[in-house]
Amino acid sequence: MMRHLALLAVLSAGSLAAPLLRGTPGTLKEAFAPHFHVGAALNTEILTVADHPARALVTRHFSSITAANAMKWGPFNPEPGVYVTEPADALLTLAEAHGMQVIGHTLFWHQQTPRWVFQDVQGGPISREALLERMRERVRLLAKRYGERVHLWDVVNEAIEDDGSLRKSAWHRILGADFVPEAFRIAGEELPASVQLIYNDYSMFLPGRRDAVVTMVRDLQARGLRIDGVGMQGHWGLDFPRIEDAEAAIVAFAATGVRVHITELDVDVLPRSPDMFGADLNKRAQISPENNPYTDGLPTEIQEKLARRYAEIFALFVRHADKIDRVTFWGVTDGDSWLNGFPVRGRTNHPLLFDRANQPKPALEAVIGVAAGK
Ligand code: GLA
């Protein structure tokens, strides 16, 4: 593979580059069909602009799609009784036209949930019973509107901290340790039995969070509540996590009897200070030339490093394909990645398999090569 990458690097300076890259063999969904679904998260623009240029990549390469924002509580139901359903409906329409799996993301999260959800009409804190009823109403409405057409739901997103403690969110303030079990109880009761129920979180390779998630899954099972899968987000970097740490988490989750999903994969190529790992959206830093070095494109050596990194990540997934149902990228092209705005706003990041011109990067060929056993 490395010889191939070096060749691409030489050619990318010359006129042969474009046809060669466009001729990348195969597609992601075909290459990994024997192993797992390959998915992408779609932002609202891709969902609602029918001739959006990234659409061709979506239908060619992916067998599963997730709305990056459209189904979250805030974007979907910003005010009591107000529903913005067009982008979510468009996800279903696109998926059904192309036979793609549909991921519902996400029922309950501490971010992008409107303040009113946790307040009574006077703006005071809502009671436990009232909040549980509001949660049930949300799931009931989604079940009625989409039913079995959404194949999996991320029921709870990010309820556990790095050290394994429960996140001190508004959910926790009102429901305490019952938040996660009650969320799964409601989802299990209101959604059709064929819909898979997932717990999703970031930095799952950290032993604190990993072990707490294993304990949580076993606790749900002991209470007779259904949980079908654990989603490892996979907002990773060129040098973190160590493959063996990600592997330990995959093995630990699968040992509880649930399926593993890689739900939000991207590989950050930009410098991050040590306190910027994970996906805590409250962490922000200032832009500088040092932390934004690739505004004119990725240097060849980093492009190759990214391809090698993706290859080792997918080699890990293929080794554990008996445990993994799906690998979803968080975005389609570098231009639509959230990593251009996090943890520093306004940077030029290059974390995905397709560049800003919708062209495949060497990493795409490297990933497809893993499926082919190269
Ligand atoms: C988390 C969420 C996603 C998305 C990303 C960043 O990982 O699960 O829905 O918001 O943050 O955009």
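Counting starts at 1 for both ligands and their atoms, in listed order.
Between Asp162 and Arg210, no side-chain nitrogen of the basic residue sits less than 4.0 Å from a carboxylate oxygen of the acidic one, so the salt-bridge criterion is not met. Remark: Glu190 engages Arg136 in a salt bridge, criterion side-chain N to carboxylate O under 4.0 Å. Here Arg209 does not pair with Asp163 in a salt bridge; the nearest charged N to carboxylate O distance is not below 4.0 Å. Taking a cutoff of 4.0 Å between a charged side-chain nitrogen and a carboxylate oxygen, Asp178 and Arg128 qualify as a salt bridge.
Contacts with ligand 1 closer than 4.0 Å are made by no heavy atom of Gln111, backbone or side chain. Contact annotation: for Asn157 versus ligand 1, heavy atoms closer than 4.0 Å belong to the side chain alone. Under 4.0 angstrom from ligand 1, the non-hydrogen atoms of Trp109 all belong to its side chain.
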Check: Passes ring pair (Phe, Tyr, Trp, His ring centres under 6.0 Å), Phe314 versus Phe32? Steps please.
Finding: CA-CA 10 Å; Phe314 271 79; Phe32 290 96; 5.2 Å; yes

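Each of the atoms 3 (C), 4 (C), 9 (O), 10 (O) of ligand 1 lies under 4.0 Å from some heavy atom of Lys72. Heavy-atom proximity to His235, at under 4.0 Å, picks out these atoms of ligand 1: 7 (O). Within ligand 1, counting atoms from 1 as listed, the ones closer than 4.0 Å to a heavy atom of Glu158 are 1 (C), 7 (O), 8 (O).
Evaluated by nearest non-hydrogen atom to atom 4 (C) of ligand 1, the leading choice among Trp338, Phe342, Trp330 is Trp330.
Centroid-to-centroid, the aromatic rings of His261 and Phe36 stay 6.0 Å apart or farther.
Between Glu264 and ligand 1, a contact under 3.5 Å exists for at least one N or O pair.
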